[in-house]
Amino acid sequence: MNWMDHGLSIEIIPPKEFNFNECLVFLGRSENEILHQIRAGYLYKLVKINGELILLKIGSTSQSIHVEFPIHTPSKSVLGGVAEYVWEWFDLDQELGAFYQMARQDRVLASIADKYYGLRIMCIPDLFEALTWAIIGQQINLTFAYTLKKRFVEQFGECQTFKGQTFWFFPTYEKIASIEVSDLRELQFSVRKAEYVIGIAQAMTSGQLTKEDLLQQQEYQLVHRTLTAIRGVGAWTADYVMMKCLHHPAAFPIADVGLHNALKLQLGLERKPTIEEIRELASDWNSWQAYATFYLWRSLYE
DNA sequence: ATCCAGGAACTGT
DNA sequence: ACAGTTCATGGA
């Protein structure tokens, strides 16, 4: 992690292959997103550092990312925590040189890797949020998924208001562990999804499920098995969470409908490819499947 | 109206 | 192991 403490703000020096504006395009894909806002080239997000809610205002020059604090005067330890958070959110530990080298030779990826150069996987550092968002998104269209997430966050999350704008923080698992299935049914969750989300919240509250344990397990197969043992988490959700939260570059949600649509579009196919055809197309993506998938998702929003 | 959506568990064979 | 069914509702 490479960053500087400027007292009332911080400056983060990302690796070479990084383009803030490409990341903003991805973050701005839904009007109904409630967990961050984009205004005049700045990204606003409410985060929790050392148990304290902090509003971030994030901008970028060609060489660096800078973070300001519109509401708070941050302490030293908060500044460090914020740098860590932003570094992880933008997936800045990845060195993408090898990805672009592979992608340039790849029939599917060549054009989009060039077109979206510098785009990073926009991560979901909070494990509970990553799992919940994946479960919400199962088998419904993305627009409705955002609507459900918005209701969920507004009902059970925390917020701060600044200059007439309200900024939201995702509900904690402790909070969700104490609610009932009927509370989520009122928001139009299905009974199943409500059970899954509350069950995961309870497992996390009791300490049975932690991000630290999953990070420590490291090996793809082991983590994947641990995740799919959770009720509500199948192969797709496990790969989604490994990609967006646990930073596994080989995570590959191969059954994803968005991936299928993007491949169809990129290759000009008349129908969506089969799983076997995708395995063939992806045969050279070794250890970059997550980035390949993310760039293909990006290609769906122009 | 009809089909599908960033799936997964459950049931029956 | 594998295939079919159910869940649940909005968007296009």
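So that the names make sense, note that chain A is the first sequence line, chain B the second, and so on, each numbered from 1.
Taking atom CG on Asn141(A) and atom P on dG7(B), their separation rounds to 11 Å, with Å as the unit. Going from atom CZ of Phe189(A) over to atom C1' of dG7(B) covers 15 Å, rounded to whole Å. What separates CZ of Arg271(A) from P of dC3(B) is a distance of 20 Å, to the nearest Å. We find that CG of Leu148(A) is positioned 17 Å from P of dA5(B), with the value rounded to whole Å.
Residue Val257(A) is found outside any hydrophobic cluster, as its side-chain heavy atoms come under 4.5 Å of no other Ile, Leu, Val, Met, Phe, Trp or Tyr. Clustering of Ile, Leu, Val, Met, Phe, Trp and Tyr by side-chain heavy atoms under 4.5 Å joins Leu53(A) with Tyr42(A), Tyr44(A), Leu46(A), Leu55(A), Ile71(A), Phe162(A), Phe167(A), Phe169(A).
As rounded to the nearest Å, dA9(B) and dG10(C) have C1' atoms that lie 22 Å from one another. A distance of about 22 Å separates the P atoms of dT2(B) and dA8(C), rounded to the whole Å.
Applying the side-chain hydrogen bond (donor to acceptor under 3.5 Å, both in side chains) rule to Asp93(A) yields the partners Trp87(A); only residues at least two apart in sequence or on another chain are considered. Residues passing the salt bridge (Lys or Arg N to Asp or Glu O under 4.0 Å) test with Glu174(A), sequence neighbours excluded: none. For Arg151(A), the side-chain hydrogen bond (donor to acceptor under 3.5 Å, both in side chains) partners two or more places apart in sequence, or in a different chain, are Gln188(A). A search for side-chain hydrogen bond (donor to acceptor under 3.5 Å, both in side chains) contacts involving Gln37(A) returns Arg39(A), not counting sequence neighbours. Under the side-chain hydrogen bond (donor to acceptor under 3.5 Å, both in side chains) criterion, Thr161(A) pairs with Thr166(A), sequence neighbours left out.
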For this session: Summarise how protein sits on nucleotides 8-13 of chain B as a single string, 5' to 3': B when a protein heavy atom is under 4.0 Å from the base, S for sugar-phosphate-only contact, - for no contact.
Result: SSS---
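By the criterion of side-chain heavy atoms lying less than 4.5 angstrom apart, applied directly or through intervening Ile, Leu, Val, Met, Phe, Trp or Tyr residues, Ile179(A) is grouped together with Tyr173(A) in one hydrophobic cluster.
Taking a cutoff of 4.0 Å between a charged side-chain nitrogen and a carboxylate oxygen, Glu195(A) and Arg192(A) do not qualify as a salt bridge.
Bracketed by its first and final contacts, the part of DNA chain C lying under 4.0 Å from non-hydrogen atoms of chain A reaches from dT6(C) to dG11(C) in 5' to 3' order.
The 5' end of DNA chain C is approached more closely, in terms of each residue's nearest nucleotide, by Ile140(A) than by the other of Ile140(A) and Thr143(A).
As judged by a 4.0 angstrom heavy-atom cut-off over every strand, Lys244(A) is placed among residues making no nucleic acid contact.
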